[in-house]
Amino acid sequence: MTWQPNKLERERLDKLERLQQNGIDPFPGAVARTHTIEQAVAAFKVQEENTAASSADPAAPLMVSVCGRIRSIRTGGKVCFADLEDGTGRVQLFIRVDAVGEARYEMFRRDLDLFDYLQVDGQMMRTRSGEISVGVNQLKVLAKSLSPLPVVKTAEVDGQTVTYGAFSDTEERFRQRYADLASNAEVREIFRKRARTASAVREFLDGEGFLEVETPILQPIYGGAAARPFTTFHNQLNQSLFLRISFELYLKRLLVGMYDSVYEIGRDFRNEGVSFKHNPEFTMLEWYKAYVDYTYSMTLCERLLSFVAQKVNGSTQISYDGNLIELAPPWRRWRLRDAIREMSGIDYVEHPTAEQLEKAMREKGIELPPELPWGKLIEKLLGDFVEPTLIQPTIIYDYPRDISPFAKSVPGDPMHVQRFEFYISGMEMGNAFTELNDPLDQEQRFVEINKLFAEQEDDAAPLDEDYLRAMRYGMPPNSGVGIGIDRLVMLLTDRHSIREVLLYPHLRDKGRDEETEG
RNA sequence: GGCUUCGUAGCUCAAUGGUAGAGCAGCGGACUUUUAAUCCGUUGGUUGAGGGUUCAAGUCCCUCCGGAGUCACCA
C-alpha cells in the first residue's frame, strides 16, 4: 500500500474512525432497498395525481428506502438538505433533527461527507418550495468515501444550465474513468448509448436472419485489412501469434461452411498511431451475406444506421458537430471517380499509371511523398478533396483495384472493383465489397499486393494458404461490410474524439518511476 | 515519430521575471423548507520531474515525463 492520504483524505479517515467508535460499520453488507430513485420519484408523482383526481382523503404517505451517493449537502442547525444520486437519478433528502434523532443528525453533520453511499428510509414529500424529497426517518452509511471526488455544482442562469467546477481535465478523466463517470452524469449516458448501439445492431441483424459468431482474436496469420498487427506468444505451443486486425477472412470461411449470413461484433487491434478517430483497439462490426452484391450492402447500411439511430436517440436525425444529419435512406451515392474529378479537377482514369497521376497531382500543387502506388494516390485525393466535404451520409463506390485485394471487379472495368465506403460528417464509417470468391483471382491479388508492399518496403501480410484452400471448396457470391462501432457511437453521442466513447482509452504509461520505488 | 501548445491547492482557474492567490470542497461557528443555500472565521502548495540563466524563475532556456491539437503512418 503506497497510499499517502492528503489532508482531505486524513479528515475523512478521522470521520471513519469516529463512526467505528460509535459502533457504526462504515462498510456494511446487507442493504434493503425498496425503490430506485427514479422509481421512488415516479411512484410519488403517480400518487400525487391520483390524490388530486379523487380529491378525497389524502393518501397514506409513500414510504421508500433508497440508496445512493451524497452529491450535495446544505446543512442547517436543525434541518439539512442533501441530494442523493443513484444510477437512475437524483432526489433531495430532507433531514430534520426531530425525525432522525439528535445522535443520527449529529452523525450526518459531523461524520458524513459528499460522495458517501447512504441508505435512507422515509416518506416521499414535497418541500415548501415544491421540490420532491425524501423526508428521512432513518439513515445508514453504506460505504464511506475516503477520497473526495470533484465537487460539481449546477445552476439555472437565464434558462441555461451552468456547471461549476466540473471534472474536466481530459487526462485525469481518462486515467480515472471511474471518477469521471461518478462525477459526470452525461458521461454515464454516453456509455448507456454505446450499449444500446451494440444491442440495436444485434437486434437489427438478427432480425435480418444473420447469425452472430465469434472468431479468433489470437491468430497465427493476420490479414483482411491494411494494418500492422500486435504480436504475442504462446509459451506452451512455442508459437508466435498476432492479435487480429480484422475478422474478414475467418468470417468468409464460414460462408464456405454454408452459413448464409454471419456477423461479428468484437475488438480489432492495430499497431498504429492514435488520433481523434484511432485507438489501438477498437470495436468493429463485420457482416457477410451470401447471394447478394454490394448494392444490397449499401441498402443494408442505410437501414441499419437508421434503425440504430432510432433505437438509441429516438430519431434518424442526429446533430453532430453543429450539423443536422439525416440518416434515413436514401443516402447520396457517388462514384469515386466522379467525386474526385468534381472536387479536385483530376480524372484519375486519364492518368492510369502512378507516374502520370503523381505528375498531375504535383502540377496541382499537391504535396506527396515519393513513389506512392496508383491506388494510394487516389486515396490521397479522396482524403484531401472529397472526404472532408461529406457531411451528410454518402456512399462512395467503385474503388481502384490495386488497393482492394478482396473485392470483385466491376464487370467490363478492369480498373475498378465493387467496393464502397460510406462517410458521415467527414469520417469514414464503413467499408464494403462484393467479395471476391474466385480462389485463383484471390491468389493473384495476394501476390500483387505483396509485391506492392515489397516496393513500399513495408511488411506484407503473410499469404493465408488456408483461406485460399477454403475458397477452393467453393464460396458463394457474397457481400460484406465493416463498420467502426466506436465512430458510430461518436456520431450518436456527438463526441469528437474516439476516447470519449471508449471507457478506457489507451493512454501512455505514466509514473513508472514511482512504482519502482516500492 | 515531427511541429505547436499545455501541466499551479482535492476540483475549476488567476498570478509584468519581484512575498504563490481566488471560488468551490475541507475545518470551526450561526441558522427548522434549502437548492451554485447564506453569513462569520479558518486550514490548505516540492507550481509535472530534473538541470541552467538571473540579485531574483510558476514565468526565460535545455532535457525528460504526461496530455491536447496537427502532420506523418493507417495495402
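The figures here come from the full heavy-atom set of this structure, side chains too, leaving out hydrogens, waters and symmetry mates. Below, chains carry the letters A, B, ... as their sequence lines are ordered, and counting in each starts from 1.
A:F385 is linked by a side chain to side chain contact (heavy atoms under 4.5 Å, CB included) to A:M343, A:S344, A:I366, A:L381, counting only residues two or more places apart in sequence or in another chain. Residues meeting the side chain to side chain contact (heavy atoms under 4.5 Å, CB included) test with A:E428, sequence neighbours left out: A:E421, A:Y423, A:N431, A:R487. Every residue two or more places apart in sequence or in another chain was checked for a salt bridge (charged side-chain N to carboxylate O under 4.0 Å, His left out) with A:R10, and none qualifies. Taking A:S240 as the reference, A:F233 meet the side chain to side chain contact (heavy atoms under 4.5 Å, CB included) condition, with sequence neighbours excluded. Residues passing the side chain to side chain contact (heavy atoms under 4.5 Å, CB included) test with A:S409, sequence neighbours excluded: A:R401, A:V417, A:R445.
The listed nucleotides are B:G67, B:U35, B:A25; the one nearest the side chain of A:Q92 is B:U35. Between B:U70, B:U33, B:G10, one nucleotide has an atom nearer to the side chain of A:F276 than all others, and that is B:U70. Across B:C74, B:A25, B:C11, the shortest atom-to-atom separation from the side chain of A:P150 is found for B:C11. In this structure, of B:G26, B:G10, B:C74, it is B:G10 that holds the atom nearest to the side chain of A:N6. Minimum atom distance to the side chain of A:R128 is reached by B:U33, of the listed B:G10, B:U32, B:U33.
For the pair A:L507 and A:H278, both in contact range of RNA chain B, the more 5′-proximal nearest nucleotide belongs to A:L507.
Under the salt bridge (charged side-chain N to carboxylate O under 4.0 Å, His left out) criterion, the residue pairs touching residues 66-80 of chain A are A:R71-A:E85, A:R74-A:D83, with sequence neighbours excluded. For residues 66-101 of chain A, every residue pair satisfying the ring pair (Phe, Tyr, Trp, His ring centres under 6.0 Å) rule, not counting sequence neighbours, is listed here: A:F81-A:F94. The salt bridge (charged side-chain N to carboxylate O under 4.0 Å, His left out) analysis of residues 123-138 of chain A, with sequence neighbours excluded, yields the pairs A:E48-A:R126.
Note on A:R175: only backbone sugar-phosphate atoms sit closer than 4.0 angstrom, heavy atoms only; bases stay farther off. Among the heavy atoms of the strands lying under 4.0 Å from A:F406 is at least one base atom, whether or not backbone atoms are also near. Note on A:I403: only backbone sugar-phosphate atoms sit closer than 4.0 angstrom, heavy atoms only; bases stay farther off.
Within the structure, a side-chain polar atom (N or O) of A:K15 is placed less than 4.0 Å from OP1 or OP2 of B:C27. Dashed line: the shortest gap from a side-chain N or O of A:R10 to OP1 or OP2 of B:G26 is not under 4.0 Å. Side-chain nitrogen and oxygen atoms of A:R499 include at least one within less than 4.0 Å of the OP1 or OP2 phosphate oxygen of B:G69. In this structure, A:R74 reaches the B:A37 phosphate: one of its side-chain N or O atoms is under 4.0 Å from OP1 or OP2.
Across the strands present, B:C3 finds its partner in B:G69; the criterion is a Watson-Crick or G-U wobble pair with both atom distances under 3.5 angstrom. Remark: B:C13 base-pairs with B:G21. Criterion, Watson-Crick or G-U wobble with two distances under 3.5 Å. Applying the Watson-Crick and G-U wobble criteria (two distances, each under 3.5 Å), B:U32 pairs with nothing in any strand. Using Watson-Crick or G-U wobble geometry with both donor-acceptor distances under 3.5 Å, B:G41 finds its partner in B:C27. Pair assignment for B:U63 gives B:A49, based on Watson-Crick or G-U wobble hydrogen-bonding distances that are each under 3.5 Å.
One can place OH of A:Y105 at 8 Å from P of B:U32, the figure rounded to the nearest angstrom. Atom-to-atom, NZ of A:K380 to C1' of B:C71 comes out at 10 Å; the value is rounded to the nearest Å. If you measure from atom CZ of A:R71 to atom C1' of B:A25, you get 13 Å, rounded to the nearest angstrom.
Within residues 265-275 of chain A, the residues approaching RNA chain B are A:E272, A:G273, by heavy-atom distance under 4.0 Å. For residues 160-172 of chain A, proximity to RNA chain B is found at A:Y164, A:G165, A:A166, A:F167, A:S168, A:D169, A:E171, defined as any non-hydrogen atom under 4.0 angstrom from a strand atom.
With hydrogens and angles ignored, no donor-acceptor pair under 3.5 angstrom links the side chain of A:E131 to the base of B:U34. Side chain A:T127 to base B:U34: a donor-acceptor pair is found below 3.5 Å.
Side-chain rings of A:Y222 and A:F242 approach one another, their centers coming within less than 6.0 Å. Between A:Y294 and A:H416, the distance from one ring center to the other does not fall under 6.0 angstrom.
Donor-acceptor pairing under 3.5 Å is lacking for the side chains of A:S479 and A:E435. There is no side-chain donor-acceptor pair under 3.5 Å between A:Q442 and A:N437. Side-chain N/O atoms of A:Y288 and A:E286 include a donor and acceptor closer than 3.5 Å.
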field: Summary of protein contacts for nucleotides 38-44 of chain B, nucleotide by nucleotide, where a base hit scores B, a sugar-phosphate-only hit scores S (4.0 Å, heavy atoms)
entry: -----B-
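B:U47 and B:C60 have their C1' atoms separated by 16 Å, given to the nearest Å. Atom name C1', nucleotides B:A22 and B:C62: the rounded distance is 33 Å, in whole Å.
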Indicate every side-chain donor-acceptor pair of residues 141-154 of chain A with a distance under 3.5 Å to a residue at least two apart or in another chain.
{"from": "A:K144", "atom 1": "NZ", "to": "A:D111", "atom 2": "O", "distance (Å)": "3.0"}
{"from": "A:K144", "atom 1": "NZ", "to": "A:D113", "atom 2": "OD2", "distance (Å)": "2.8"}
{"from": "A:K144", "atom 1": "NZ", "to": "A:D116", "atom 2": "OD1", "distance (Å)": "3.4"}
{"from": "A:K144", "atom 1": "NZ", "to": "A:D116", "atom 2": "OD2", "distance (Å)": "2.6"}
{"from": "A:S145", "atom 1": "OG", "to": "A:R12", "atom 2": "NH1", "distance (Å)": "3.1"}
{"from": "A:S145", "atom 1": "OG", "to": "A:S147", "atom 2": "O", "distance (Å)": "3.2"}
{"from": "A:S147", "atom 1": "OG", "to": "A:E9", "atom 2": "OE2", "distance (Å)": "2.6"}

